[in-house]
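All of these numbers come straight from a predicted model, not from anything done at the bench.
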Amino acid sequence: MTQNLVQTVPSQVRSASGRPAEASTTMEVWQGLSAAVVDAIADDWHATEQKYRAGRMEHYFSAEFLEGRALLNNLTNLGLVEEATEAVNAFGQNLTDVLEQEPDAALGNGGLGRLAACFLDSCATLDLPVAGYGILYRYGLFKQLFEDGFQTEHPDPWMEEGYPFVIRREEAQRIVRYNDLTVRAVPHDMPITGYGTKNVVTLRLWRAEPMEEFDYDAFNSQRFTDAIVERERTADISRVLYPNDTTYEGKVLRVRQQYFFCSASLQEIVDNYVAHHGEDLSHFADFNSVQLNDTHPVLAIPELMRLLMDEHHLGWDQAWGIVTKTFAYTNHTVLAEALETWEMSIFDRLFPRIAEIVREIDRRFRQDMAERGLDQARIDYMAPLAGDKVRMAWIACYASYSINGVAALHTEIIKRDTLKEWHDVWPERFNNKTNGVTPRRWLRQCNPRLSALLDEVTGSDAWVKDLSLLAAHTDAADDALLDRLAEIKHANKVDFAAWVAEREGVEIDPDAIFDVQIKRLHEYKRQLLNAIYILDLYFRMKEDPSLQVPPRVFIFGAKAAPGYIRAKGIIKLINAIAELVNNDPVVSKTLKVVFIHNYNVSPAEHIIPAADVSEQISMAGKEASGTSNMKFMMNGALTLGTLDGANVEILDAVGDENATSSAPPRMSCPLCGPPTTRTPLTRPSPGSSGCWTPSPTAPWTTTAPAGSRTCAAVCWRAATPTFTTCSATSPLTGRPRTPWPRTTPTSAPGSARPG
């Protein structure tokens, strides 16, 4: 960058608005400032792309990327926040107001999409050769509003006023062919900057466009609707994230979407390989690895087979050898019944050649397993096809060289249960990659007060790229520093209370405990449990006015899938509870309930720094990992949760001395089952190998291999818990375990809350 933003922003604002910067609207200033940032990184972006395309690359395929706002994130990563402030101040604008003009990029929904976004941020920061591939959704998931407490879904037209961080690359378009439709896939690139580096990776998002924009013959024949039918059918492909698939036609659209971005992306990747390395595709996997983020992109497997065989004339065995060295699969669920399946009739309707390849994969798989000596029942269970159903996860497991879970506990569960049959055949393919979050957005950007304090305590901003550096400064936490942390938390709560009042119209007390549950609305995440607890607390306060309850604000944020009727009913219930509590002249002085509408990344950036309590109460064994738990933890919230998913590893990280267990007796374990099925283990002697286990005097102990961290973590439940002392290493995480005894429950069985 030869010019700073003070010099470049005014001309960019004039270009966006067509008038002097001083006369431009705040939205026009956002557009101009964003364009100036793209201008500043253009050379580095091009250089990064050219360098990486010539070498080995990781291609991250995901149906969603929940990026959030881009301007402040880029300014933070590039160290340009002060320049930007000075630039907009020069013509009477405030940077905070300018930043608020940006809509959230409506490209994702929940943790899966946010994981993809954090992954790209980290890869850019670490100078890794990675590119992301997805779909440029016009309306995203939906914009959530409440009417009489019920969720209503509305279009989220996030690009209607232009979005400078998405660059159209029409010259790189690809043609995607269905049996009933041929469309253009036009790439739109989003730059992902790294923190403190010139590395800028690319998120390529495909938009579906018609071969012909408008049918003049139909229009001139007064068939006006017919003139745009093809355009609208094509636009449907990239119109909405996760269209309702409760009907057959909804499923057809879902599958059409998935094939669309997989085909376009693989065409580009194969063509890029040929351009740099020639027509000999035998080394394709040496230069390209494709990570499948869940099962949505699994159609890439038969599509790459089609490209290699039909377009580049390889035989089946050679093509399959390349495919099985190219793909890696990330599993995001512990429930086999939740893994994606589609009717084979959809494949026959949309792409008969892909259907033919899938059937051949199934035939060869069955033959392969029979030769390995598997019985017919197991082969039928594992086969990619079951009657008219295509099991996408099974195709991914068969064709991938790597299969990973997203938390240590989750990986153990899929190895022993969800994908047990696959692990029995190919144990070497399985590995764990615990989800993570970027500290750039989720601490540096969203909590500047705490970030500045960490800079001061550590002496630099190096922790932004390596959080482990903070461990060297734990001794700095004296009373004075803890007082400053408390002041920062309170200031964040004051800001959040003002934001809630303006956005939701609810007045909340910054001195109250902010108890937060923000995540996708699903029964296993147990927002309903939280809601019932609030009702119980409300009625206890009504029955006993002398009951001492600390002032508390319960904060929710969640969207329910449009076709998920029960989840939408839970949203209505929570809003009804909020109306009851908030309008009670007595209880409302102590309790408030707030449901943040249209929850996405930007509201999360307001909520998380202000939270006191982080609700991570999903049903044990059902939460694969979770990522909001990490965001809350790094911003100083107390986690209240089940010992599940990444919570297990968070406990390892903070140490047993910083946790208190309060659980019901004889609780079922996701791996071991109910207590009656358990075989007691021999208690290891202190210091021996293995992990801590309950005392043999308890009603029952644990199962699974001796030293299993999973069972010991989840299943220590006993009527009178007592513990042995064992300083073993955790087999799941590899970290040394803190010796027992752990703090024993102090509340009644089943209670996990104060008050």
Among side-chain atoms of N598 and K559, is any donor-acceptor pair under 3.5 angstrom? yes
Could you check if a side-chain atom of I617 sits within less than 4.5 angstrom of a side-chain atom of Q517, using non-hydrogen atoms only? yes
Scan side-chain atoms only and decide if Q616 and N629 contain a donor-acceptor pair under the 3.5 Å cut-off. no
Taken to the nearest 0.5 Å, the spacing of H606 NE2 from I596 CD1 works out to 10.0 Å
How many angstroms lie between atom CG of D544 and atom CZ of F539, to the nearest 0.5 angstrom? 15.0 Å
ring-ring contact (aromatic ring centres under 6.0 Å, His included) filter on F556, not counting sequence neighbours, yields none
Any side-chain donor-acceptor pair under 3.5 Å between R449 and N492? yes
What residues form a ring-ring contact (aromatic ring centres under 6.0 Å, His included) with F595, not counting sequence neighbours? F146
Do D478 and R484 sit within salt-bridge range, that is, some charged N less than 4.0 Å from a carboxylate O? no
With a 3.5 Å cut-off and no angle check, do the side chains of S602 and D104 form a donor-acceptor pair? yes
Testing the basics here: between D644 and M619, what is the closest heavy-atom pair and its distance to 0.1 Å? OD2-O, 3.2 Å
Show me the pairs that pass salt bridge (Lys or Arg N to Asp or Glu O under 4.0 Å) and involve residues 594-605, at least two apart or across chains. R441-E605
One should read off an interatomic distance between K143 NZ and T152 OG1, to the nearest 0.5 angstrom, of 10.0 Å
Who pairs with W442 by ring-ring contact (aromatic ring centres under 6.0 Å, His included), at least two apart in sequence or on another chain? none
What I want to find out is whether R526 reaches E623 closely enough, with some N-O distance under 4.0 Å, to be called a salt bridge. no
Tell me, please, which residues at least two apart from E160 pass salt bridge (charged side-chain N to carboxylate O under 4.0 Å, His left out). R138
Output yes when D612 and K493 qualify as a salt bridge under the 4.0 Å nitrogen-oxygen rule, no when they do not. yes
Salt bridge (charged side-chain N to carboxylate O under 4.0 Å, His left out) partners of K251, counting only residues at least two apart: E343
